[in-house]
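Before any comments, here is the structure.
Each chain gets a letter, A, B and so on, in the order the sequences are listed, and its residues count up from 1.
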There are 2 protein chains.
Amino acid sequence: MKLTSKGRYAVMALVDLARFDNINPVSLRDISLRQGISLDYLEQIFSKLKKNEIVKSIRGTQGGYVLNKNPNDIKLTNIFNAVDEKVKTVQCKKESKKGCNGKATKCVTHNLWDELEVHINTFFENKSLKDLLNNNKETRV
Amino acid sequence: MKLTSKGRYAVMALVDLARFDNINPVSLRDISLRQGISLDYLEQIFSKLKKNEIVKSIRGTQGGYVLNKNPNDIKLTNIFNAVDEKVKTVQCKKESKKGCNGKATKCVTHNLWDELEVHINTFFENKSLKDLLNNNKETRV
DNA sequence: ACATACCTGACCAAAATGGTCAAGTTTAGA
DNA sequence: TCTAAACTTGACCATTTTGGTCAGGTATGT
């Protein structure tokens, strides 16, 4: 089990954005330079963030992206969903009447993965972008 | 983020084993048939479980595997470690003095992934094989 | 008009995943 | 002692995912 860099980058970029969008839109180029993430890759990520209404885009010179919501209302869940970073544990069909593995019972570990999914998602639902902003201030090296 | 099937299979196989090893060693062939996991793949997995002293092997006819510990003492952490199913969230070097990305500060989300790792590992440390056995009895379809 | 910045989609190399295959060794039991 | 069951080891491999790059656009402020 691992976290993919798409999810990590999305969060990093949004934290960066949140810290600089008070005055002007923030260009991906700036985020790219500050965070060390490829510009082309960032564009893919922000395309998804935009579709999910987490950010707004402003085209043209001096354009860029701005947050579309209050940092307090942007939960990690939202971000991860937007970039398809899903917590995927249960492979068996949830609604299937036959249970997993085509047998008459649930596979012996079915409930476990269900629980784990809930456990992790709870963590993501309770963390907002704002939490990260505060946290970051405290922990500069 | 997703769980790989190696980790899932390991847990499924051990639950199966724990339910049948009262009398005789359990052959991988039986586990393979009951759980629908490829025999060859199971062998790879059990080789690792054995190295980590979670199971013992008994060779020869009527041989098989048995648990090497009390189900209550086999935590999910142990199983996942054994089969290299790691929770890997932080990509940045933990001890690096320079921080992440070669910059002078930790990357803005460093602490977040650290927290998440702890959160998930706590879940795994608190679940033993025995918990799964009990749980399974209750939830047959 | 032109530079800046978003936008879109095709493409790709490398690694991880989820196995298979082959060729053993060991041991219980007939 | 022979043999079949079962563990053991390691090479191999196809597919998918990951983590991007590249090549074009389009929109818009100045």
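Every residue meeting the side-chain contact (heavy atoms from CB on, under 4.5 Å) condition with Pro25(B), not counting sequence neighbours, appears here in chain and number order: Ile58(B), Val66(B). Among residues two or more places apart in sequence or in another chain, the salt bridge (charged side-chain N to carboxylate O under 4.0 Å, His left out) test is passed with Lys6(A) by none. Taking Asp40(B) as the reference, Ser38(B), Glu43(B) meet the side-chain contact (heavy atoms from CB on, under 4.5 Å) condition, with sequence neighbours excluded. Looking at residues two or more places apart in sequence or on another chain, you find a side-chain contact (heavy atoms from CB on, under 4.5 Å) between Thr122(A) and Val118(A), Asn126(A).
If you take CG of Leu42(A) and P of dC7(C), they are 13 Å apart, rounded to a whole angstrom. Between the C1' atom of dA4(D) and the CG atom of Leu28(B) lies a distance of 17 Å, rounded to the nearest Å. If you measure from atom CD1 of Ile45(B) to atom P of dT9(D), you get 16 Å, rounded to the nearest angstrom. Rounding to whole angstrom units, CZ of residue Arg29(A) and C1' of dC7(C) are separated by 18 Å. Between the CG atom of Leu49(A) and the P atom of dC7(C) there is a distance of 11 Å, rounded to whole Å. Following rounding to the nearest Å, Phe46(A) (CZ) and dA5(C) (C1') show an atom-to-atom distance of 13 Å. Rounded to whole angstrom, the span from the CD1 atom of Ile37(A) across to the C1' atom of dT18(D) amounts to 15 Å. Atom pair Leu33(A):CG and dT4(C):P shows a separation of 14 Å (rounding to whole Å applied).
Residue Lys50(A) has a polar side-chain atom (N or O) positioned under 4.0 Å from OP1 or OP2 of dC7(C). Proximity of Ser57(B) to the phosphate of dT8(D): a side-chain N or O atom is located under 4.0 Å from OP1 or OP2.
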| request: Just do the side chain to side chain contact (heavy atoms under 4.5 Å, CB included) check on Ile31(B) and Tyr65(B) with the steps written out, would you? | output: CA-CA 10 Å; Ile31(B) 297 178; Tyr65(B) 285 93; over 6 Å; no

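Under the salt bridge (charged side-chain N to carboxylate O under 4.0 Å, His left out) criterion, the residue pairs touching residues 47-60 of chain A are Lys48(A)-Asp84(A), with sequence neighbours excluded.
Remark: of the listed residues Ile54(A), Asn78(A), Asn68(A), Ile54(A) is the sole one forming a side-chain contact (heavy atoms from CB on, under 4.5 Å) with Leu49(A).
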| remark: For nucleotides 20-30 of chain D, 5' to 3', base contacts (B), sugar-phosphate-only contacts (S) and non-contacts (-) with protein non-hydrogen atoms under 4.0 Å give BBB--BBBBB-

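If you check every strand for non-hydrogen atoms under 4.0 Å, Val26(A) touches sugar and phosphate atoms only.
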